[in-house]
Amino acid sequence: MIKNISVSQITDAVYEAYDLFKDNSTGENARYIPYLANIPSDLFAISVCLPSGRLINVGNTDYVFGIESVSKVPTAILVMMQHGTKELLAKIGADATGLPFDSILAMLLEKEHPGTPLVNAGAISACSLVKPIGDEAGKWNSIVNHLTDLCGSSPHLIDELYRSESDTNYNNRAISWLLQVYNRIYDDPMMSLDLYTRQCSLGVTNEQMAIMSTTIAEGGRNPITGKQIFPKEFTPQIISLIASVGFYQKTGDWIFSSGIPAKSGVGGGIIGIMPGVFGIASFSPALDKAGNSVKAQLALQHVMKKLNLNIFHPTRAIVIE
Ligand code: GLU
């Protein structure tokens with residue numbers, strides 16, 4: 001059965017979620033990266049991008065924040081495009097670790113591969129696999145150009161965040177050297193870690209995140225530029241990665257309670273993908289204990305519930321404009 005949803009139903013659900021949760025002060029900013037600790041905790045944004053490119057925005061949707069772990073998704077897509085899905089599976093894997101994003105234990109338990117490109121180990125390994133374009137800054141250019149294509153406009157490096165993260169990323173350095181020990185990194189470990197740290201420090205707006213979500217939900221077609229960014233055939237693999245590990249050790253609880261594959265970052269951003277229907281993003285810096293934004297989770301859950309949408313529901317939905 002196909003269900004029709006109107007733009008005004010989506011708009012109402014988004015505004016209602018904003019009003020319901022804007023004053024919620026639960027959780028706290030990520031403290032282990034000094035820059036993130038100092039972002040105003042009450043910032044809050046919700047954006048939905050429809051397949052036509054129409055945007056529904058409320059709150060601080062043009063505030064530039066650190067993309068952090070949400071950057072793992074575009075780089076995983078880039079590696080699929082450059083090496084194919086079989087190679088991604090063989091060299092990195094697609095298994096949820098069931099452990100926190102920066103777990104060393106996860107690496108010791110599963111020495112065969114880092115598990116998935118959506119945890120730190122797999123994401124650093126993915127950065128090592130990125131093929132450069134142009135000169136020596138080529139790998140970085142590849143990552144930034146690809147993210148620009150997905151969002152339809154360029155992200156900008158937040159220098160202060162990059163320095164703050166580079167000065168404190170001891171755990172990620174350990175992960176990178178362990179990848180070397182287990183032959184699971186495919187270029188220089190410290191250079192790959194630097195690429196990863198820089199991609200996490202890219203500044204994006206919530207609106208850009210929603211457009212990226214819709215590009216994925218639409219099988220690689222950017223709803224704003226109309227450009228096909230990745231082959232449509234990759235879409236199920238991309239969304240399956242997000243569905244299986246987007247919230248780290250809390251992914252099962254998340255998908256059970258929300259019905260939408262989503263990826264979070266410690267900068268406070270979450271992207272949600274409703275395949276063939278829309279992309280949604282929400283941002284608010286205060287996090288729960290697992291590192292996922294409290295208000296952004298509430299916002300996505302509310303919109304999905306209000307519209308009676310769920311990726312596992314037998315009814316499919318079409319947005320009528
Ligand atoms: N740059 C962060 C880290 O490596 C990203 C973590 C996250 O957003 O989950 O710790």
Side-chain angles (χ1 to χ4, degrees), residues 27-39 64-76 92 96-107 114-128 140 143 147 155 157-179 185 189-204 206 209 212 241-242 244-251 254 262-272 281-297:
E28 38 168 65
N29 291 24
R31 297 257 160 249
Y32 74 106
I33 299 172
Y35 174 91
L36 297 179
N38 296 322
I39 303 288
V64 175
F65 61 94
I67 186 170
E68 293 297 344
S69 265
V70 179
S71 68
K72 290 167 178 158
V73 174
T75 302
I92 301 179
T97 63
L99 287 162
F101 57 89
D102 54 354
S103 176
I104 299 237
L105 181 63
M107 299 184 73
T116 157
L118 301 197
V119 297
N120 289 16
I124 297 166
S125 180
C127 284
S128 78
W140 175 240
I143 289 173
L147 184 58
L157 187 72
I158 306 176
D159 279 312
E160 205 185 327
L161 175 56
Y162 171 56
R163 280 196 303 275
S164 182
E165 236 179 290
S166 302
D167 288 347
T168 52
N169 63 354
Y170 305 109
N171 192 80
N172 285 341
R173 288 181 220 175
I175 288 176
S176 307
W177 286 120
L178 276 177
L179 286 169
I185 195 152
M190 288 302 108
M191 184 278 298
S192 306
L193 172 62
D194 182 57
L195 267 181
Y196 166 78
T197 311
R198 262 195 282 169
Q199 77 169 27
C200 286
S201 308
L202 281 168
V204 288
N206 198 60
M209 292 291 82
M212 173 165 85
L241 285 175
I242 297 171
S244 58
V245 76
F247 274 65
Y248 307 118
Q249 72 274 35
K250 289 288 171 196
T251 305
W254 168 258
K263 178 75 198 87
S264 76
V266 294
I270 296 182
I271 58 166
S282 183
F283 156 67
S284 192
L287 312 177
D288 65 14
K289 288 199 166 58
N292 304 312
S293 167
V294 175
K295 285 205 278 210
Q297 289 184 74

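If you read the sequence from its start, that first residue is 1, and numbering goes on from there. Remember, it's 1-based here, ligands and their atoms both numbered in the order they're listed.
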Can you tell me if N120 has a non-hydrogen atom under 4.0 Å from ligand 1?
yes

Please work out, at 4.0 Å between heavy atoms, whether the side chain, the backbone, both, or neither of N172 comes within that distance of ligand 1.
side chain

Quick one: nearest non-hydrogen protein atom to atom 1 (N) of ligand 1, plus distance?
E165 OE2, 2.4 Å

Ligand-side contact atoms (ligand 1) for residue partner E68, heavy atom cut-off under 4.0 Å
1 (N), 2 (C), 5 (C), 8 (O)

Pairing donors with acceptors under 3.5 angstrom, does anything connect the side chains of Y196 and T75?
no

Check each atom of ligand 1 against the heavy atoms of G265 and keep those under 4.0 Å away; list them by number with element.
8 (O)

Return the closest protein heavy atom for atom 8 (O) of ligand 1 as residue, atom name and distance.
V266 N, 2.8 Å

So which protein heavy atom does atom 4 (O) of ligand 1 come closest to, and at what separation?
Y196 OH, 2.7 Å

Does N29 reach the main-chain N or O of L36 with its side chain, forming a donor-acceptor pair under 3.5 Å?
yes

Looking at side-chain heavy atoms only, is the closest gap between E28 and L287 below 4.5 Å?
no

Which protein heavy atom lies closest to atom 3 (C) of ligand 1, and at what distance to 0.1 Å?
Y32 OH, 3.4 Å

Would you call D167 and R163 a salt bridge, using N to O less than 4.0 angstrom?
no

Closest non-hydrogen atom pair, M190 against R173
CE-O, 4.0 Å

Taking the side chain as C-beta and beyond, is there a heavy-atom pair between M212 and V70 under 4.5 Å?
yes

Report yes or no: do D194 and Y162 form a side-chain donor-acceptor pair below 3.5 Å?
yes

One finds that the ligand 1 atoms under 4.0 Å from a non-hydrogen atom of Y248 are 7 (C), 9 (O)

Say whether S69, considering both its backbone and side-chain N or O atoms, lies within less than 3.5 Å of an N or O atom on ligand 1.
yes

So is C200 polar-close to ligand 1, meaning N/O to N/O under 3.5 Å?
no

When you check the side-chain N and O atoms of N172 and N120, is any donor under 3.5 Å from an acceptor?
yes

